[in-house]
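First up is the structure itself, then whatever we jot down about it.
In what follows, chains carry the letters A, B, and so on, assigned in the order in which the sequence lines appear, proteins first and then strands, with residues in each chain numbered from 1. Computed from a predicted structure; not experimentally measured.
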Protein chains: 2
Amino acid sequence: MRKKEEKKISIAVIRRLPRYFRYLSDLIKLDIKRISSKELSQRMGITASQIRQDLNCFGGFGQQGYGYNVELLYDEIGKILGIDKRFSCIIIGAGNMGNALANYQNFRNRGYDIVGIFDADPRKVGTVINDIKVYHIDDLESFVAKQHVDIAILTVPGSRVNEVASKVTALGIKGIWNFSPTDLKLGSDIVVENVHLSDSLMVLGYRLREKLNGSEQ
Amino acid sequence: MRKKEEKKISIAVIRRLPRYFRYLSDLIKLDIKRISSKELSQRMGITASQIRQDLNCFGGFGQQGYGYNVELLYDEIGKILGIDKRFSCIIIGAGNMGNALANYQNFRNRGYDIVGIFDADPRKVGTVINDIKVYHIDDLESFVAKQHVDIAILTVPGSRVNEVASKVTALGIKGIWNFSPTDLKLGSDIVVENVHLSDSLMVLGYRLREKLNGSEQ
DNA sequence: TTAGAATTGACAAAAAAATAACAAAATGTT
DNA sequence: AACATTTTGTTATTTTTTTGTCAATTCTAA
């Protein structure tokens with residue numbers, strides 16, 4: 001019932017956790033109290049074996065002959081993902097994507113507070129997006145000196161992102177959520193998660209064309 | 001020099017292609033004419049072996065003792081990704097994310113034309129975003145009857161997405177780029193590419209916390 | 001209370017992916 | 001022109017990931 005000690009967990013497993021979390025959240029909404037790995041596997045379209053093995057990386061949350069208690073499992077995965085802890089985030093780049101992210105209420109629910117938005121455009125500075133103030137990028141240093149920031153969300157053009165990322169790193173921010181198409185070249189003491197939308201779209205295009213061509217034959 | 005016949009290419013390889021494409025584009029901008037798998041591997045932070053093996057899934061684009069011709073390789077990967085072909089896309093959901101995507105010029109450069117935006121909110125209908133008209137969701141059927149649509153980009157709330165996805169599927173659209181946090185339950189004749197932003201952010205949070213805790217010890 | 005059914009956790013096997021190794025071919029150098 | 005160097009394409013090996021199996025445990029129902 002307690003957590004396994006220090007067996008390095010693969011990133012593939014980690015990336016599945018939010019999905020489990022979503023499905024469990026849905027089960028709670030449906031007022032389902034218990035679930036077997038078999039039934040969950042059918043809902044999620046993966047194997048029961050994988051679910052059991054994934055969950056066992058973190059400890060035995062289930063019970064033989066019974067399955068998993070939905071609410072308990074939800075809480076446990078939430079703890080693993082750190083939903084109970086809060087992160088302080090800033091958005092750099094008040095363009096369309098920055099705007100969209102600033103307006104996402106979901107992030108706050110998941111423990112991510114957006115405490116400021118930064119941009120180089122003086123016309124944007126001083127405005128407010130979803131109750132969050134827009135500051136000039138030059139005020140980033142003094143802002144970070146006053147208020148701790150865990151994560152910088154970068155929605156700046158690809159041409160600027162390396163410069164901004166260096167600045168952010170120099171200020172001691174340890175996490176970057178990068179929306180620019182450019183890969184960041186940074187040291188190993190900073191965690192970067194990329195969201196390359198164009199890449200994703202191109203993969204969709206490839207798969208779609210493959211499917212369409214395949215059905216012609 | 002010609003393409004390998006019908007050896008099924010894994011999705012892991014496909015997902016790396018856009019990244020190769022980006023790096024080659026950068027090399028062209030730097031006016032670099034040739035590159036070895038070794039040098040590219042150093043730039044990209046992966047192994048040379050992987051690059052050679054990935055590229056060989058599609059054919060021998062390199063030359064022993066020389067390496068790869070940057071421009072040629074760029075063109076070949078472009079062809080594989082179908083950059084030369086065009087896709088007709090619509091955005092469903094004219095909220096913040098829909099707006100942001102409608103304003104991305106990059107998609108058009110990559111062969112993805114956004115030909116219409118749809119929303120249920122009558123206040124949005126009739127407006128124009130980045131020269132693209134916003135229509136009422138009820139006009140989707142007649143729109144699709146007049147104009148072929150390959151891909152639907154879904155930026156609607158999670159609560160609506162299944163309903164919208166069914167409608168889209170019924171109209172014969174074969175590709176979905178899904179931005180809602182909900183997984184879509186659809187038949188196998190439709191290709192779905194998910195962009196689960198919350199999932200990505202939670203993974204960043206996990207990795208960041210792991211790093212911070214790890215350095216404490 | 002007992003027997004049968006269900007289901008996990010752990011381990012084994014299989015499959016997939018990544019990396020390494022190397023012969024073959026082209027380049028560059030003297 | 002000869003030879004050392006570079007570098008690919010391909011095959012072999014290793015590692016990682018996924019899937020399958022089953023004893024042990026708990027539940028359920030008579």
Side-chain angles (χ1 to χ4, degrees), chain A residues 1-17 19-20 23-24 27 32-74 76-77 80 203 207, chain B residues 1-17 19-20 23-24 27 32-74 76-77 80 203 207:
Chain A
M1 207 52 123
R2 68 196 59 81
K3 284 178 191 164
K4 296 273 172 73
E5 296 305 329
E6 307 306 316
K7 209 202 314 169
K8 213 194 70 194
I9 290 147
S10 88
I11 189 69
V13 175
I14 303 304
R15 291 197 183 283
R16 280 193 291 269
L17 291 180
R19 186 145 184 269
Y20 291 130
Y23 272 83
L24 289 164
L27 290 174
I32 292 170
K33 301 293 185 194
R34 59 183 266 193
I35 190 134
S36 67
S37 59
K38 189 181 172 193
E39 201 199 327
L40 186 57
S41 76
Q42 285 159 353
R43 286 174 181 266
M44 295 184 69
I46 57 177
T47 64
S49 216
Q50 181 161 67
I51 293 174
R52 293 206 299 276
Q53 187 140 323
D54 282 353
L55 297 179
N56 260 86
C57 293
F58 303 98
F61 303 133
Q63 202 163 14
Q64 284 155 327
Y66 177 88
Y68 297 87
N69 177 304
V70 172
E71 203 134 0
L72 175 94
L73 189 55
Y74 176 82
E76 289 291 345
I77 295 181
I80 295 164
V203 171
R207 295 206 291 139
Chain B
M1 209 51 124
R2 66 198 60 82
K3 282 177 192 166
K4 295 274 172 75
E5 296 304 329
E6 307 307 314
K7 211 201 312 168
K8 215 195 71 196
I9 291 149
S10 88
I11 189 68
V13 175
I14 303 304
R15 289 198 184 281
R16 279 192 293 269
L17 290 181
R19 186 145 185 268
Y20 291 131
Y23 273 82
L24 288 164
L27 290 175
I32 293 171
K33 301 294 185 192
R34 59 183 266 193
I35 190 134
S36 67
S37 59
K38 189 181 172 193
E39 201 199 326
L40 187 56
S41 75
Q42 285 160 353
R43 286 175 181 265
M44 296 184 69
I46 58 178
T47 64
S49 216
Q50 181 162 68
I51 292 174
R52 293 206 299 276
Q53 190 143 331
D54 282 354
L55 297 180
N56 261 86
C57 293
F58 303 97
F61 303 133
Q63 201 164 15
Q64 284 155 326
Y66 178 86
Y68 298 87
N69 178 303
V70 172
E71 202 135 358
L72 175 95
L73 189 55
Y74 177 80
E76 288 291 345
I77 294 180
I80 295 164
V203 171
R207 295 206 289 139

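- Rounded to an integer number of Å, the gap from Lys38(A) NZ to dA5(C) P is 14 Å.
- Checking the phosphate oxygens (OP1, OP2) of dA10(C), a side-chain nitrogen or oxygen of Asn56(A) falls inside 4.0 Å.
- The distance from the CG atom of Asp54(B) to the CD1 atom of Ile77(B) is 9.0 Å, given to the nearest 0.5 Å.
- Rounded to whole Å, the distance from CD on Glu39(A) to P on dA6(C) is 14 Å.
- One can place NZ of Lys8(B) at 7 Å from P of dA16(C), the figure rounded to the nearest angstrom.
- The residue among Ser37(B) and Asp54(A) whose nearest nucleotide of DNA chain D lies closer to the 5′ end is Ser37(B).
- Using a 4.5 Å heavy-atom cutoff, the side chains of Ile51(A) and Tyr20(A) are in contact.
- Within the model, atoms CD1 of Ile32(B) and CD of Glu39(B) stand 6.0 Å from one another, a figure rounded to the nearest 0.5 Å.
- Atom CD1 in Ile11(A) sits roughly 14 Å away from atom C1' in dT16(D) (whole-Å rounding).
- Remark: P of dT19(D) and CD of Gln42(A) are 15 Å apart, rounded to the nearest angstrom.
- In this structure, Leu73(B) atom CG and dT7(D) atom C1' are separated by 14 Å, rounded to whole Å.
- The minimum heavy-atom distance between Ile11(B) and Arg207(A), with the atom names listed, is CD1-CD, 3.7 Å.
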- Would you give a per-nucleotide map of nucleotides 19-26 of chain C, 5' to 3', where B means the base has a protein non-hydrogen atom under 4.0 Å away, S means only the sugar-phosphate does, and - means neither? BBBB-BBB
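- Of the listed residues (Gln42(A), Arg52(A), Gln53(A), Gln50(A)), just one forms a side chain to side chain donor-acceptor pair (under 3.5 Å) with Ser37(A), and that residue is Arg52(A).
- By the 4.5 Å heavy-atom criterion applied to side chains, Phe58(B) and Val13(B) are counted as neighbours.
- Here the C1' atom of nucleotide dT18(D) and the CZ atom of Arg15(A) are 18 Å apart, to the nearest Å.
- Atom pair Arg34(A):CZ and dT7(C):C1' shows a separation of 9 Å (rounding to whole Å applied).
- Applying the 4.0 Å criterion to OP1 and OP2 of dT6(D), one finds that Tyr68(B) has every side-chain N and O outside that range.
- Picking from dT8(C), dT7(C), dT8(D) the nucleotide with the shortest atom distance to the side chain of Ser36(B) gives dT8(D).
- In this structure, CG in Leu40(A) is found 8.5 Å from OH in Tyr23(A), a value given to the nearest 0.5 Å.
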